Protein chains: 2
Amino acid sequence: MAQPKKAASIWDVARLAGVSHQTVSRVVNGSPRVAAATRDKVLDAIAELGYRPNRLARSLAGGAVESVTVLTADTSLYGPEAALRGIEKAARSLDWSVQISVLDPADTHSDADIVARLPRAGEPTIIMAHDEPGMRAKQVLLDTQPQAMVAIGPYTAEELAASPWLVGMDDGKAAAEATKYLLDLGHRTVHHLAIPTSTGTFGGGKAHRAEGWARVLREAGREVPDPVPSGWTISEAFKAVQPLVADPSVTAILCGNDNLALGTMRAAHLAGRSVPGDLSIVGFDNTPFSAYTTPALTTVNQDFESVGRGAFELLRHRVDGSNPRPKPSWPEPELIVRETSGPPRSRS
Amino acid sequence: MAQPKKAASIWDVARLAGVSHQTVSRVVNGSPRVAAATRDKVLDAIAELGYRPNRLARSLAGGAVESVTVLTADTSLYGPEAALRGIEKAARSLDWSVQISVLDPADTHSDADIVARLPRAGEPTIIMAHDEPGMRAKQVLLDTQPQAMVAIGPYTAEELAASPWLVGMDDGKAAAEATKYLLDLGHRTVHHLAIPTSTGTFGGGKAHRAEGWARVLREAGREVPDPVPSGWTISEAFKAVQPLVADPSVTAILCGNDNLALGTMRAAHLAGRSVPGDLSIVGFDNTPFSAYTTPALTTVNQDFESVGRGAFELLRHRVDGSNPRPKPSWPEPELIVRETSGPPRSRS
DNA sequence: CCGAGTGATGTTAACGATCACTTATATTAT
DNA sequence: ATAATATAAGTGATCGTTAACATCACTCGG
């Protein structure tokens, strides 16, 4: 039944309580310099008017910042989605608000476009830098407001050392482990169905997972087959992986993520190849569905939610330096062996 | 290399261009009352300083609103996530910004807590009202700022007529169709693995999908088995559905969403029941993975993204009345028959 | 040749808060 | 009693923008 008139401001509260607006501000912000009696009067007035501070005005006036903007390209991907969840949780616990803005890979964003996403100059920002638009945005903000940005992405130890604004996991190492596991199982080599690289064009930019995989094969003296490029979606993977499942000499495929693995399983099934008998499949990310496919997917667990939280903490540190520089702290990627991987069928 | 000094304001631009700040404002907002020469001067100054308007200040000053807050309980669910994507796209195309705030089902939010999520009183808000916290938030905002809120949720025709702030799909009808389909296939009855109801306690609140299912069974004069309550996650479904898959008299299960269906498929597999031979399974939502499970899941497609876009348009209409009252326009839910459903094995 | 109309700018006052001071009152020390 | 010091509350400026109104220089019709 509230009249849709207009919200109460700090002045309305002050008038009703018979004090100055500044005193109201003190009460709202929990200043100790206010008499108990006055505080109660103000609190009553606040309750009666249903007053609540306008955050916009607050941050305009130079109060606490209390907001983060997340720039991401693909919210339907499990990784970014989980990381976003982590950011949101961490932010909420401190009463920060979270804005999201999606970078559409379809349209080309000028640098100005990207910056225009932010509600104001210097807005604290977290970028999901796992693909081309994300990398682009990362670069723009790095040039514009390096102190108020953090990027989430895969990294190598050297990259992390060089980039105090980077948070993420060592994808290369995780991929290496998974590859080693398959080799130890007795596979002659391991094929790779790869997620798009950060530059969009395969072979161009960084591809941490692919690099880790290739390194292990090289070190083991095995043949390094050409990685097969795929898009992010299951259906793209399904199409891309066809030549691999059709080739009986392929006995193990490391997939760039669980979506790709699911597409691969389906393709293998339709091609009449049994998993893991004829073909071992390993995914990446430990997406919720991966434990419930049949056969259940062997994959690499990644705690994206913790990474998101870590990114938020780092950002907070960089923006106001209040909290101590947080150390990245989350479980290392870990191989979870389920049912889609096994030794190759002994040949001849 | 930008000095992290401080962002340029409209005054800085004005000074550099040798005009008043208001003229800059006119240029920025595309007012026609500005001489071409002046406009150019201002534009140059803007470019030189890298100026961009501060949205906070803008909306404080009574400018266009340009922001929506989305209140949701579970971003990991496909429906809300897709709807959020739709909202974000629609918002972005109009240069609105999107805030999200997650209602944690774990903690109990007081009404004040919920309102405190909003950056300011009267903030345009979209609520995902598919569970208890969402319904609660819906009610609070309905009391507080009915003009600036829209809820997304399942509805029946009557509910929609009564609630000009509601957007969503007719889940009951969709569930009815799926049930009818299974009955037509020859199943004696259809069991139901149900998502949590909007009040959290099963049997309490609305459960549109369950109602549609039950109605069809009743109308067909079939036995209406007790629906089996499940949580939202695959693992909860896997546990909850055990009695159903263990019972050989159960030949068809309508699942409240595709996650539950996946859990059911897995449970059926482990129980040694073949799908669809021994057991038909139908899901809900047409989650991306559903086409790629083996066997591929029969499910009900829902265009959540369009619903999200519709919610945004409706909100915009309600907030400023500028655009015409949008009519809900998106595809009806549609049954997609794939491989998990078929006629029951002829008994005896 | 002058008042009205028009187009391009400038001026001032919000918007809703915080911050840095200043002032008034109460308490304590000398 | 008086100065020194806390403590409580008020005043005014400020943040970056927009809205509303004021001003100024022209042009035009009578």
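Owing to the predicted nature of the structure, the values given are computational and were not obtained by experimental measurement. Lettering follows sequence order; numbering is per chain, from 1. FYI, side chains are in, hydrogens and waters are out, and symmetry mates aren't considered; it's all heavy atoms of this structure.
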- side-chain contact (heavy atoms from CB on, under 4.5 Å) between B:Val70 and B:Gln99, worked out: CA-CA 6 Å; B:Val70 178; B:Gln99 272 212 178; over 6 Å; no
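No contact: B:Arg55 has no heavy atom under 4.0 Å from any strand. Using a 4.0 Å heavy-atom distance criterion, A:Val19 is classed as a sugar-phosphate-only contact. Counting any heavy atom pair closer than 4.0 Å across all strands shown, A:Arg26 reaches a base atom.
Phosphate proximity of D:dC15 to B:Asn54: absent, as no side-chain N or O sits under 4.0 Å from OP1 or OP2. Close to D:dT17, at under 4.0 Å from its OP1 or OP2, lies no side-chain N or O of B:Ser59. Here B:Ser25 reaches the OP1 or OP2 of D:dT18: one of its side-chain N or O atoms lies under 4.0 Å away. At D:dA8, none of the side-chain N or O atoms of A:Thr38 fall inside 4.0 Å of OP1 or OP2 (strictly under the cut-off).
Distance, A:Asn29 CG to C:dA20 P: 13 Å, rounded to whole Å. The CZ atom of B:Arg120 sits 12 Å away from the P atom of C:dA17 (whole-angstrom rounding). Taking atom CZ on A:Arg33 and atom P on C:dT23, their separation rounds to 19 Å, with Å as the unit. In this structure, the CZ atom of B:Arg52 is 15 Å from the C1' atom of D:dT17, given to the nearest Å. Rounded to an integer number of Å, the gap from B:Leu60 CG to C:dT18 P is 12 Å. Spacing between atom OH of B:Tyr51 and atom C1' of D:dG16 amounts to 7 Å, rounded to whole angstrom units. For the pair A:Ile10 CD1 and D:dT11 C1', the computed distance is 14 Å after rounding to whole Å. Look at CG on A:Asp12: it is 14 Å from C1' on C:dA14, rounded to the nearest Å.
Put simply, the side chain of B:Arg55 never gets that close to the backbone of A:Leu118: no donor and acceptor are under 3.5 Å apart. The backbone N or O of B:Ala90 lies less than 3.5 Å from a partner atom in the side chain of B:Ser93, making a donor-acceptor pair.
Donor-acceptor pairing under 3.5 Å is recorded for the side chains of B:Arg117 and B:Ser101. Side-chain contact annotation: A:Glu66 with A:Ser59, donor-acceptor N/O pair under 3.5 Å absent.
The nearest heavy atom of DNA chain C to B:Gly62 and to B:Ala36 marks one nucleotide each, and the one closer to the 5' end goes with B:Ala36. Along DNA chain D, the nucleotide closest to A:Gln22 and the one closest to B:Val24 are compared, and the more 5′ of them pairs with A:Gln22.
In this structure, the nucleotide among C:dG10, D:dG16, C:dA17 sitting nearest to the side chain of A:Pro53 is C:dA17. Out of D:dT18, C:dT9, C:dA17, the shortest distance to the side chain of A:Ser9 is found at C:dA17.
Judged by distance alone with a 3.5 Å cut-off, a donor-acceptor contact links the side chain of B:His21 to the base of D:dT18.
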